[in-house]
Amino acid sequence: MSIGKNILRLTAGSSVAQVVQLLSLPLLTRLYLPEAFGIYTLFLGLIAVASVFSSLKYDTAVVLPPRDAMAESLCGIVAVLSVATFGVALFAVALMLIALPADGERLLWIVFGVGAAVSLLIGGAQQIILAWLNRVRRYGLMGLYRLMFVLATVGCQVALVQFGYGGAEALIAGYVIGVGFVVVCFSVPTYDLWPRIVRIVGRPRYLKLAACRYSRFPRFMIPYGLSSTLRERLVHFFIGTLCGVADLGRFAMAARLVSAPNNFLYMGISPVMYAHAAQEARERVAQDGADLVELAVMLLAMPFVFLIVEAPAFIDILMGDEWHGLGVFVSILSVPYLILACTSWLDRLFDAYQIQRLALRLDVGFTIGLVVLTAAAAAIGDALLAAVVFAIVFSLYEAFWTWITYRASGFALAVLRRPLAIAGAVGGGSAALFVSLGALDSLATRCAIGLAAYLALVGTYLAVAGGILKLRGIFARPLRE
C-alpha cells in the first residue's frame, strides 16, 4: 500500500475529529469563560509534562522491533511506568490536600490533582493502544480513536454544564471521563494484547532487555519531549501569571484554533512518514516529503492568510462577547502555525535516521530563546506583544528547522525549491487579494470571493501545475512490506 493511502486511512477519522473540535469551540466558549480555559490549559500542560515520565518515550519504539515479543516488552515497560507515575501523582495530591485551606477553591484543586493522576494512568493505556495499532498498521482504527476521543471529551464537557456543573472543574472532569471511555472502548480491538503484556510484566528480565536495547529513546527523546512540552507550558505559565488567566485563555484558544490543521496533518502523516523513512531509500523519502509539503502549502496557505487578515472581524462574533479580543490573537498566531502545519511531521526523520542528538540541541536552544523572549514581552503586561514575539521567533525557527532537517537527513535541498516558490507566490497573492477585499463592507461578500478564489487556485494547481502528478506519485507507488 502507498504512503498516500496509509495517510488517508489514518486521517479519515482524524479529519472528522478536527472538524468536530472546531465546530464545538463556539459552543464551549459560550459555556465556559476564558478564565476556566486558562486553568484547563494549565491542567493539560501538567499532564503533557508528566506523561513524558510515565512512558519514558518507549511507546515510540513499539513500531521498530521485528518480533512481537520485544514490542510487547516495550508495552509492558509503559504499563509499569504509568502505574508508578499514577501512584506518585496520588501521593502528591494527598500532600496537596493537607496544605490546601478549606476555601471555595479547594474543590477545583482536588479535581485538578486527582484528574491529573487518573489521566496519567489512562494515558499509559492510550499510548499502548495507539503504539500497537501503528505497529500493525491499523491506521483506520487510529483515526477512529481520535474521532471518538474528541466526541467523548467535548460531549462530557457540554453534558456536565447541562447537569449544573461548570468552570474549570467541569472541563477537567469532562476530559478525564471522555478519555477513560475511549480507552475502554479501544481495549476491545487490542484485547489479545493485554494478557501478553501482563505476562511480560511478570518477567522483569524481558523488560530489562527491551529497556536496554532501545535505551536511545529515553536517552534522547525524554530531553527532546520535555523541551518541546515545557516550551509551550512555560509560555502559558508566563502569560498566565504576568498577563492574567483570561489572556492565557484567549492565547490558548487562539492556538487551539490555528493548530487544528497541524494536529490533523501531524496525526495523519507522522506515523506513516516514520515507517516510510525507516523502510525506503532516502531519495524517495526526500521527494515524497517535499511533495507533501507542497500539497499542504496549496491547501492551507490561502485559508491561513484569510485568517491573518480577517480573523479580528469575525472570530469575536463567532465566539461570543466574553471572548472579545480573541480574533487578534488568531491573526497573530496564524503565521507560525501555517509553517508548522506544512512541515511538523518531518520531525520523524530524526528518529528514523537516528539523529536525535541534533534534534535535541535544536529544540533546547529554541525553547530557551522562545520562552525568555516571550516572558520578557509578557512582563510588560501586554499579552498581545507576547503573542507577536512568540509568532516571530516561532516562524523563524520553523523555517530554519525545515532546512536543517533535510540537510541532516542527507536529502537534496533542491527538492524544496518548488514548494518554497509556490508558498511565496500563493502567500503573496492571497495577501494582496484579501487586503484589497477589505474595501468591501460585507464580510459575507469577502468570504464568498475568497472561497471562489481558493477553489480556482486549487483547481488550477491540480489541472495545470502538476498537482495531479504529485498526488499520483504519493498514492500510486507501493511501500515495502
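Count residues from 1 along the sequence.
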What pairs of residues pass the salt bridge (charged side-chain N to carboxylate O under 4.0 Å, His left out) test when at least one of them lies in residues 296-311, not counting sequence neighbours? Glu310-Arg446
[X]-[Y] aromatic ring centre distance below 6.0 Å:
X      : Y      : answer
Tyr454 : Phe306 : no
Phe394 : Phe366 : yes
Tyr32  : Tyr40  : no

Measure the [atom1]-[atom2] distance between [X] and [Y] for me, rounded to the nearest 0.5 Å.
X      : Y      : atom1 : atom2 : result
Arg250 : Thr29  : CZ    : OG1   : 11.5 Å
Leu373 : Ile368 : CG    : CD1   : 11.5 Å
Glu294 : Ile422 : CD    : CD1   : 3.5 Å
Arg361 : Ile355 : CZ    : CD1   : 12.0 Å
Leu340 : Trp401 : CG    : CH2   : 8.0 Å
Asp363 : Asp347 : CG    : CG    : 9.5 Å

Is the backbone of [Y] close enough, under 3.5 Å, to the side chain of [X] for a donor and an acceptor to pair up by distance?
X      : Y      : answer
Trp132 : Thr190 : no
Ser54  : Ser51  : yes
Ser331 : Gly327 : no
Ser442 : Thr445 : yes
Thr153 : Val150 : yes
Arg30  : Pro26  : yes
Gln157 : Gly174 : no
Ser409 : Phe411 : no
Ser436 : Leu433 : yes

Which atoms form the tightest heavy-atom contact between [X] and [Y], and what is the distance?
X      : Y      : value
Ile339 : Ala399 : CG2-N, 4.3 Å
Leu160 : Ala170 : CD1-O, 3.3 Å
Cys243 : Ala378 : SG-O, 3.6 Å
Ala152 : Val182 : CB-CG2, 3.7 Å
Ala341 : Leu300 : CB-CD1, 3.7 Å
Gly45  : Arg233 : CA-CD, 3.1 Å

Do [X] and [Y] come within less than 4.5 Å of each other through their side chains, counting heavy atoms only?
X      : Y      : value
Leu346 : Tyr406 : yes
Val114 : Val176 : no
Arg146 : Met142 : yes
Phe186 : Leu130 : no
Phe329 : Met253 : no
Leu333 : Phe390 : yes
Leu42  : Phe37  : no
Leu141 : Ile129 : no

I'd like to know whether Thr405 forms a side chain to side chain contact (heavy atoms under 4.5 Å, CB included) with Phe400, so could you lay out the CA-CA distance, the side-chain angles of the two residues, the decisive distance to 0.1 Å, and finally the verdict. CA-CA 9 Å; Thr405 300; Phe400 171 74; over 6 Å; no
Quick note, ring pair (Phe, Tyr, Trp, His ring centres under 6.0 Å) partners involving residues 147-174, not counting sequence neighbours, are none
ring-ring contact (aromatic ring centres under 6.0 Å, His included) evaluation trace for Phe304 with Tyr337: CA-CA 9 Å; Phe304 266 87; Tyr337 279 96; 8.3 Å; no
Could you walk me through whether Tyr397 and Leu370 pass the side chain to side chain contact (heavy atoms under 4.5 Å, CB included) test, one step at a time? CA-CA 9 Å; Tyr397 172 76; Leu370 182 67; over 6 Å; no
For Phe237, check side chain to side chain contact (heavy atoms under 4.5 Å, CB included) against everything at least two apart and list the hits. Thr241
Hey, is CZ on Phe314 packed in by over 12 heavy atoms from elsewhere, all under 6.0 Å? yes
Side chain to side chain contact (heavy atoms under 4.5 Å, CB included) for Val183 and Ser187? Distances and angles first, verdict last. CA-CA 6 Å; Val183 165; Ser187 294; 4.3 Å; yes
Is Arg282 close enough and on-axis enough to Tyr353, meaning under 6.0 Å and within 45°, for cation-pi? yes
Parallel, tilted or perpendicular: which one describes the rings of Phe43 and Tyr175, with boundaries at 30° and 60°? perpendicular
With Ile39, the side chain to side chain contact (heavy atoms under 4.5 Å, CB included) member among Leu248, Val245, Leu171: Val245
What residue among Leu292, Val297, Asn262 forms side chain to side chain contact (heavy atoms under 4.5 Å, CB included) with Cys342? Val297
Please test Ile449 against Leu437 for side chain to side chain contact (heavy atoms under 4.5 Å, CB included), starting from the C-alpha separation and ending with a verdict. CA-CA 8 Å; Ile449 295 175; Leu437 289 178; 3.9 Å; yes
